[in-house]
Asker: 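The following block contains the structure, expressed as structure tokens.
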Amino acid sequence: GDRCIIVGAGHAGSQAAVSLRQEGYAGDIVLINDETDLPYHKPPLSKSYLKSPDSGGLVLRPEAVYRDNAIELMLGARVEKIRLDDRRLVLADGQELDWTHLILATGARARIPDLPGVDLDGVVTLRNMDDARRIREMMPEVLNVVIVGGGFIGMEMAHSCLAMRKVTTLIEAGPRVLARSVAPMVSAHVEKRSRAAGIDIFTGVQLAVIEGEGGRVKAVATADGRKFEADMVVLGIGAVPNVELAAEAGLLVDNGVVVDGHMRSSAPHVYAIGDCVSYDHHQVGRRVRLESVQNATDQAKHVARSILGRSDAYAEVAWFWSDQGDMKLQTAGLSLDANHCVVSGNPEENAFSVFHFQGARLVAVDSINKPSDHMIARRLLAAGLSPSEADIAAGQQHLKQLAS
Ligand code: FAD
């Protein structure tokens, strides 16, 4: 009979397995992951988990859900090779499995800079539960933390370290934090508020070398000649997609496994979803690779429908959240091509939204502590509705009506 094998059991893989059953897939479903934990929520790892560890509370679904849905969960198993000609895959222990459908949900891994000192003890990255456990174990011995990179994970880690009373420094090579994802005024707000809370943030500053003593990290030196003491260095300079399996099998790869609107790779019966894929995005009309729970989860639901023969193309609104100290940041849409914006609310009150437009078309909304703006934005974007400046000025009730 049919067998669908899913490689990787993060947000994407775990959801795909369950969705396949919900959509009526009658064949075998095998979900393989090289980690040994039951599939878990990743976002808390840089937020609440480090401060109040409770890994049990992080599971995406209890084990019974996999059992009840006849999903065979293979944990601690690594896929080494996929073969297209005879539709088999090879595990690290030599075992071979047949598949009729294959879903790659291999995610992404931390980017490691090619610099002296990255191998020292105390230099860490944060991508998975093992990383978080290691960091948590080190924390009692740590006073000075230097975070390299002002993206979401770096900024969240900085706030978590601060909450644990660490002396926290963050260096960012670019001119502002969160530059890839939010409006300049949101970056400015986050920087200002994070500094006021006690995080030392340096922008436009490049890491030069990580210095150690006896194999342990000691300090961080920057290209402009600064030096920061460090008992822990967190590298948060982005992620690279895990595409080696796909590339070796000959699938088309371009900053991620290339998929179409049905999550199909360039090879028949092979699909890919989540952080490891790049695809032509319906909103921006060009190839993107997104890293978010929304993207992973919605693509997982979509691939299940796709395998069962539904033919609509993926067209979900992208959205994302991040918690940093007393700021809940939420983004709906993609602001890549925005050319002007309208602000609603008051940054002084730590509650405002930035509506991004490309011409007259709404393309994204960044919100800080404005969850209802975020929900309205998602509805507007899904419906393809663009409010005018006057609509935004008229306030939330008005926008809500417009969106419904
Ligand atoms: P992953 O979650 O990376 O899962 C892929 C899995 O596949 C991994 O377990 C990997 O080990 C396994 N794997 C890879 N290769 C193989 C192989 N050959 N054999 C077997 N197994 C393999 N997103 C948000 O929207 N909001 C947030 O607040 C947020 N916070 C985050 C905080 C942190 C610390 C991190 C790391 C990410 C955060 N994200 C957040 C991003 C979000 O977690 C990811 O976008 C999401 O996890 C992607 O899911 P995925 O299933 O595609 O990949």
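Small disclaimer: the values here were computed from a predicted structure and weren't measured. Numbering of residues begins at 1 and proceeds along the displayed sequence.
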Asker: For a quick test of reading the model, state the closest non-hydrogen atom pair linking A230 to V146 and the distance between them.
Answerer: CB-CG2, 3.7 Å
Asker: Please report the shortest heavy-atom distance between P371 and Q330, naming the atom on each side.
Answerer: CA-OE1, 3.3 Å
Asker: Checking T100 against H269 for the side-chain hydrogen bond (donor to acceptor under 3.5 Å, both in side chains) test, could you report, in this order, the C-alpha distance in whole Å, the side-chain angles of both residues, the deciding distance, and whether it holds?
Answerer: CA-CA 7 Å; T100 40; H269 312 291; over 6 Å; no
Asker: Go through the structure and list residues passing salt bridge (charged side-chain N to carboxylate O under 4.0 Å, His left out) with R88, not counting sequence neighbours.
Answerer: E96, D98
Asker: Between side-chain atoms of residues 249-256 and protein atoms elsewhere (two or more places apart, or another chain), which donor-acceptor pairs fall under 3.5 Å?
Answerer:
from, atom 1, to, atom 2, distance (Å)
N255, OD1, R289, NE, 3.2

Asker: Are H262 and Y271 near enough that their ring centres are under 6.0 Å apart?
Answerer: no
Asker: Centroid-to-centroid, H340 to H356, below 6.0 Å?
Answerer: no
Asker: Could you please spell out the steps behind the side-chain hydrogen bond (donor to acceptor under 3.5 Å, both in side chains) verdict for T297 and Q299?
Answerer: CA-CA 6 Å; T297 307; Q299 291 190 340; over 6 Å; no
Asker: What are the two closest heavy atoms between G333 and V317, and how far apart are they?
Answerer: N-CG1, 3.9 Å
Asker: Could you tell me if the side chain of V7 sits less than 4.5 Å from the side chain of W99, heavy atoms only?
Answerer: no
Asker: Below 30° counts as parallel, above 60° as perpendicular, anything between as tilted: where do the rings of Y314 and H302 land?
Answerer: perpendicular
Asker: For the residue pair I273 and Q15, establish whether any side-chain heavy-atom pair is separated by less than 4.5 Å.
Answerer: no
Asker: In this structure, which one of I147, T168, V167 forms a side-chain contact (heavy atoms from CB on, under 4.5 Å) with I199?
Answerer: T168
Asker: Side-chain contact test, heavy atoms from C-beta onward, threshold under 4.5 Å: evaluate it for D231 versus V217 and give yes or no.
Answerer: no
Asker: Please enumerate all residues that pass side chain to side chain contact (heavy atoms under 4.5 Å, CB included) together with N33, with sequence neighbours excluded.
Answerer: A9, E35, L75
Asker: State whether the side chain of S335 and the backbone N or O of A338 hold a donor-acceptor pair below 3.5 Å, judged by distance alone.
Answerer: no
Asker: Is the closest side-chain heavy-atom distance between V363 and L334 below 4.5 Å?
Answerer: no
Asker: Give me the atom names and distance for the closest heavy-atom approach of S344 to I392.
Answerer: CB-CG2, 3.7 Å
Asker: For N128, is there any backbone N or O sitting under 3.5 Å from a side-chain donor or acceptor partner on D131?
Answerer: yes
Asker: Heavy atoms only: give me the nearest E23-A304 pair and the separation to one decimal.
Answerer: CG-CB, 4.0 Å
Asker: Under a 4.5 Å cut-off applied to non-hydrogen side-chain atoms, are I6 and I32 in contact?
Answerer: no
Asker: For the residue pair F202 and F228, does the interplanar ring angle fall in the parallel (under 30°), tilted (30 to 60°) or perpendicular (over 60°) class?
Answerer: tilted
Asker: Any side-chain heavy-atom pair from I82 and L104 closer than 4.5 angstrom?
Answerer: yes
Asker: Are any of the side-chain heavy atoms of L45 and Y40 separated by less than 4.5 Å?
Answerer: yes
Asker: What are the two closest non-hydrogen atoms of H11 and K42, and how far apart are they?
Answerer: NE2-N, 3.0 Å
Asker: Exactly one of L115, V148, D119, V233 should register a side-chain contact (heavy atoms from CB on, under 4.5 Å) with I210. Which one does?
Answerer: V233
Asker: With the side chain counted from C-beta on, respond yes when D28 and C4 share a heavy-atom pair under 4.5 Å apart, and no when they do not.
Answerer: no
Asker: Apply side-chain hydrogen bond (donor to acceptor under 3.5 Å, both in side chains) to residues S388 and D391 and explain how you reach the verdict.
Answerer: CA-CA 5 Å; S388 66; D391 287 326; 3.2 Å; yes
Asker: Can any side-chain N or O of H281 pair as donor or acceptor with the backbone N or O of Q283 at less than 3.5 Å?
Answerer: yes
